[in-house]
Amino acid sequence: MALSISAVVLLAIVVFLLIRKAGLKGGHAAVCVLLGFYLASSSVAPTITELTTNVAGMLGASSSDRPF
């Protein structure tokens, strides 16, 4: 659950920055949000969830292997 909240916050920040700096229009961002909702309710959702979980696990494992 904590990973999901972190991913949502990260993506919200990215969208905010794209709107402010890269000229992404609010309508485009709304379409991206709607696409996310439709993907979440589709048959592809478990695959996307598994992919993001695996990528987060790899990133977490690689950062914990480094000595400080």
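Computed from a predicted model, the values in this text were never measured in an experiment. What's counted below: heavy atoms across the whole structure, side chains too, no hydrogens, waters or symmetry copies.
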Colleague: In the hydrophobic cluster built from side-chain contacts under 4.5 Å, what are the other members alongside Val33?
Modeller: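 Taking Ile, Leu, Val, Met, Phe, Trp and Tyr as members, Val33 shares its hydrophobic cluster with Phe37.
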Colleague: Grab the two heavy atoms, one from Ala45 and one from Ala40, that are nearest each other, plus how far apart they are.
Modeller: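 That closest heavy-atom pairing would be CB-O, 3.3 Å.
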Colleague: Linking directly or through intermediates, with side-chain heavy atoms under 4.5 Å: list the remaining ILVMFWY members grouped with Ile48, chain and number order.
Modeller: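 Besides Ile48, the cluster holds Leu35, Leu39, Val44.
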Colleague: Which distance, rounded to the nearest 0.5 Å, do you find between the NE2 of His28 and the CD1 of Ile19?
Modeller: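 The distance works out to 10.5 Å.
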Colleague: What pairs with Leu17 under side-chain contact (heavy atoms from CB on, under 4.5 Å), at least two apart in sequence or on another chain?
Modeller: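 Counting only residues at least two positions away or on another chain, Leu17 forms a side-chain contact (heavy atoms from CB on, under 4.5 Å) with Ile13.
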Colleague: Identify, with sequence neighbours excluded, every residue that meets side-chain contact (heavy atoms from CB on, under 4.5 Å) alongside Leu11.
Modeller: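 Testing Leu11 for side-chain contact (heavy atoms from CB on, under 4.5 Å), a comparison that skips the adjacent residues, returns none.
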Colleague: In chain order, what residues pass the side-chain contact (heavy atoms from CB on, under 4.5 Å) check against Ala12, with sequence neighbours excluded?
Modeller: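 Applying side-chain contact (heavy atoms from CB on, under 4.5 Å) to Ala12 gives none.
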Colleague: Atom CG of Leu59 and atom OG1 of Thr52: how far apart are they, to the nearest 0.5 Å?
Modeller: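 If we round to the nearest 0.5 Å, Leu59:CG and Thr52:OG1 are 11.0 Å apart.
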